[in-house]
Amino acid sequence: MKRMRRMVVVGLVAGAAAAAHGASVRYGTEAEARALLDKAVALYRKEGAAAIEAIGKPAGPFVQRDLYVVVIGPDKKIAADAAEPELVGSEIATLRDPLGKPWALLLQKQATEDGVVVDYEAKNPQTGKVEDKSAVGVRVGDWVFSCGYYLPPPKPAEKAASEAPKPGQENWAGKWTTTDADGSPYTITLDPSGTAQSGRGEGQQGFWIPDAAGARIDWTDGWTDYLVPSSGAFERLAFAPGAPRDEKPESTTPVTREK
């Protein structure tokens, strides 16, 4: 299931960033982040767990300007973080970006051997500002290695364009009515910007994207819902935190779009 991402023309936005933050600031690119990540994975494959300490050194070779490698261990804790070593040992389920998105948990759940991209917000060590970030996560056995790159602030005209609904999102945006596993009704609201909100329990906040034939919602409490077509109607498939997506969902309930 491929995650749709905001497309950025690197040369154009890099110019905007230089004007905003000064010529001394150069944003790392996706290609550079993947190269640094490949280097860390290669070291781990060669030296095993002994490589984790080297990968996490703040002044080591796995920090390049705003690019740095993060490693999640089999115990679902941060094993290495070259930019924020104080996070080592933290439970990934407790880590949230400024908007509440569980970035580390999503990386751990979604990472594949070929790599997956998770978008979230994070403080750029070069600028000291919270900016859009895309992190590439690669799974190697029970370990997950990640390296992200920051997206320079867009120019005003570009910002307006980036806030428009992403292709496919307008088809799922709106308010939906469904029921909990016990039959209690509640609503799910999908905003064209990509945020999600529900009336389940005390309320849920999350983020959604068009995914295959439906919409995928990642809630900040770790649950994931899929809204999918089914026999001329729609269903909600609910998966508990960490549950494999190729197995039976925790619950399947009807969902209808409110007019």
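Of the inter-residue distances, the one linking S90 atom OG with I78 atom CD1 reads 6.5 Å to the nearest 0.5 angstrom. With values rounded to the nearest 0.5 angstrom, K101 atom NZ is found 6.0 Å from F207 atom CZ.
Remark: Y150 pairs with no residue by the ring-ring contact (aromatic ring centres under 6.0 Å, His included) rule, at least two apart or across chains. By the ring-ring contact (aromatic ring centres under 6.0 Å, His included) test, W143 pairs with Y44, sequence neighbours left out. By the ring-ring contact (aromatic ring centres under 6.0 Å, His included) test, W103 pairs with Y120, sequence neighbours left out. Among residues two or more places apart in sequence or in another chain, the side chain to side chain donor-acceptor pair (under 3.5 Å) test is passed with D114 by none.
Aromatic rings from W172 and F234 are positioned such that their centres are separated by under 6.0 Å.
Remark: the backbone N or O of A173 is paired with a side-chain donor or acceptor of R257 at under 3.5 angstrom. At least one donor-acceptor pair closer than 3.5 Å links the side chain of D97 to the backbone N or O of E121. Put simply, the side chain of T178 gets close to the backbone of P254: a donor and an acceptor are under 3.5 Å apart. Put simply, the side chain of T253 gets close to the backbone of T179: a donor and an acceptor are under 3.5 Å apart. Side chain of E258 to main chain of G174: no donor-acceptor pair is present (N/O by atom type, distance under 3.5 Å, no hydrogens or angles). A distance-only check finds a donor-acceptor pair linking the side chain of S146 to the backbone of V136 [under 3.5 Å]. Counting only distance, with no hydrogens or angles, the side chain of D81 and the backbone of E84 share a donor-acceptor pair below 3.5 Å.
Side-chain contact between V255 and Y226 is absent, with no heavy-atom pair separated by less than 4.5 Å. The closest side-chain heavy-atom distance from V71 to V144 is not below 4.5 Å. Inter-residue side-chain proximity for Q204 and Q197 is flagged as unmet; no heavy-atom pair is nearer than 4.5 Å. Using a 4.5 Å cut-off on side-chain heavy atoms (C-beta onward), I217 and L190 make contact. Here the side chains of W223 and P241 are in contact, with some heavy-atom distance below 4.5 Å. When side chains are defined from C-beta on, K77 does not count as touching I92, because their heavy atoms never get closer than 4.5 Å. Side-chain atoms of Q205 and T195, non-hydrogen and from C-beta on, never get closer than 4.5 Å to each other. Side-chain contact between D180 and R200: present, with at least one pair of heavy atoms (C-beta onward) separated by less than 4.5 Å.
Connection of L99 to V130 is not established within any shared hydrophobic cluster, with ILVMFWY side chains joined at heavy-atom distances below 4.5 Å, either directly or through further cluster members.
Within 6.0 Å of the CD atom in E113, the count of heavy atoms belonging to other residues, nucleotides or ligands does not exceed 12.
The stretch residues 221-238 participates, sequence neighbours left out, in these salt bridge (Lys or Arg N to Asp or Glu O under 4.0 Å) pairs: D225-R236. Screening residues 43-68 for salt bridge (Lys or Arg N to Asp or Glu O under 4.0 Å) gives E32-R65 as the qualifying pairs, with residues at least two apart or on separate chains.
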Problem set entry | Worked check of side chain to side chain donor-acceptor pair (under 3.5 Å) between T177 and T256 | CA-CA 5 Å; T177 300; T256 57; 4.6 Å; no

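Checked against F62 for a side-chain contact (heavy atoms from CB on, under 4.5 Å), the options V69, L67, V70, L37 give a single hit: V69.
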